[in-house]
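Residues take their numbers from the sequence shown, with the count starting at 1.
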Amino acid sequence: MISRFAPATQAEDWRDELTLAFRDGLSLLRYLGLAPEAVGWSADAAKSFRCLVPRPFARRMRPHVPNDPLLLQVLPRAAELIDDARYSTDPLGETSCQAVPGLLDKYAGRMLLTTTGACAIHCRYCFRRHYPYTRFNPARDDWRAVLYHIAAQSDCTEVILSGGDPLMLTDAQLTRLLQALAAIDQVKRLRLHTRLPVVLPARVNDALCELLAALPKPVAIVLHINHANEIDADVAAAAVALRRTGASLLNQSVLLREINDRVDALAALSEQVYACGILPYYLHLLDRVRGAAHFDVDDATARTLEQELRDRLPGYLVPRFVRELPNRGSKLPL
Ligand SMILES: *Cc1c(COP(=O)(O)O)cnc(C)c1O
Ligand code: SF4
């Protein structure tokens, strides 16, 4: 059968690709022709949060470039070990707003489900890098408690599948979960927050596209791309396939020092993202998580960047510069 959506890939090919991922920073550095001393590599940093980089993402890094913007997002470095009391293990206070384990009730009208602790890539700045996923596992009773709780919330109009990465679930698991959520009357929209179509585009297979297209409620997919170099032809094809399912595609990024903290980088990111049919949505100021202080960009610089971006791009290509704070139901605009 000729696929309606995606390039013809076998349903679970992406899992094979994931097994080939770099799980050791030193082998990634060898692949890139870089000496560990030249890039601040730290084995101790990798112990606290494991290194994980899928091959398709690594292929977009330039060899022999120690400050490559993709490499800096994923390489365990000594700077992560510098202790700074302002950076905590739970920067958004998420362990204290669980309606049932794994279901966060923080945003008005929206419930956020941390579907799985697994990701296809480990981003060093991740605000959930210390999150106790095994303590808050919503899948342990086959999602029953979560579905029951959401069904009882008459004001819940949207469910956000987050993680980890919800697309780490199998197609069968996703189908069951999404269909069960879509069957809840008051839930009008479904949302997925995912980095998989970017870091492992083979994840966007036929089965996934068929299941998204079959859902009876509108779907928004919020991707996570921080730099234009993350987008190649495979990512663009994955985005086209996702759009054909009828889903809206948005992008969120994190403002990261030495990675995308220049107006040229941010403008290129917006342009490239839009060329793939994705609208820029949020540019997050860094959540102050322990181990990520060296990625932080100060507010004054962020404000300047926002103005420069406005001066350069149409309004719909300027993402909202926001900060997320604990105990607040909405983002704080910069
Ligand atoms: C802000 C935020 C949300 C909710 O997103 P909105 O688009 O503001 O509804 C969900 N998850 C995380 C991690 C967020 O920071
Ligand atoms: S993919 Fe998302 S959840 Fe996973 S490590 Fe990166 S930022 Fe964190």
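- Here D84 pairs with R86 under the side-chain hydrogen bond (donor to acceptor under 3.5 Å, both in side chains) rule; sequence neighbours left out.
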>> L167 vs R203, test: side-chain contact (heavy atoms from CB on, under 4.5 Å). Steps then yes/no.
In response: CA-CA 8 Å; L167 291 188; R203 177 64 187 96; 4.0 Å; yes
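- For R124 and H122, the side-chain atoms include no donor-acceptor pair closer than 3.5 Å.
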>> Apply side-chain contact (heavy atoms from CB on, under 4.5 Å) to residues M111 and C156 and explain how you reach the verdict.
In response: CA-CA 7 Å; M111 296 289 246; C156 177; 3.4 Å; yes
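- Of the possible polar contacts, none joining the N260 side chain to the L255 backbone as a donor-acceptor pair under 3.5 Å is found.
- Remark: the backbone N or O of E230 is paired with a side-chain donor or acceptor of R60 at under 3.5 angstrom.
- Salt bridge D296/R288: present, at least one basic N to carboxylate O contact under 4.0 Å.
- Within the 4.5 Å cutoff, the side chain of M61 has heavy atoms near those of the V74 side chain.
- Side-chain contact between L223 and L250: absent, with no pair of heavy atoms (C-beta onward) separated by less than 4.5 Å.
- The backbone N or O of W143 lies less than 3.5 Å from a partner atom in the side chain of D141, making a donor-acceptor pair.
- Residues S248 and I221 form no side-chain contact, since every pair of their non-hydrogen atoms from C-beta on lies 4.5 Å or further apart.
- Counting heavy atoms from C-beta on, the side chains of L283 and R320 never come closer than 4.5 Å.
- Looking only at atom types and distance, the side chain of S253 has a donor-acceptor partner in the side chain of N251 under 3.5 Å away.
- Checking I121, D165, I225, V235 one by one against V199, the side chain to side chain contact (heavy atoms under 4.5 Å, CB included) holds for a single residue, I121.
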> Please walk me through it: do R129 and S48 pass side-chain hydrogen bond (donor to acceptor under 3.5 Å, both in side chains)?
Replying inline: CA-CA 9 Å; R129 57 179 284 173; S48 113; 3.2 Å; yes
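- A donor-acceptor contact closer than 3.5 angstrom is absent between the side chains of T304 and Q307.
- Between the side chain of K331 and the backbone N or O of V322 there is no donor-acceptor pair closer than 3.5 Å.
- No donor-acceptor pair closer than 3.5 Å links the side chain of T175 to the backbone N or O of L211.
- Looking at heavy atoms from C-beta onward, L161 lies in side-chain contact with L181 at the 4.5 angstrom threshold.
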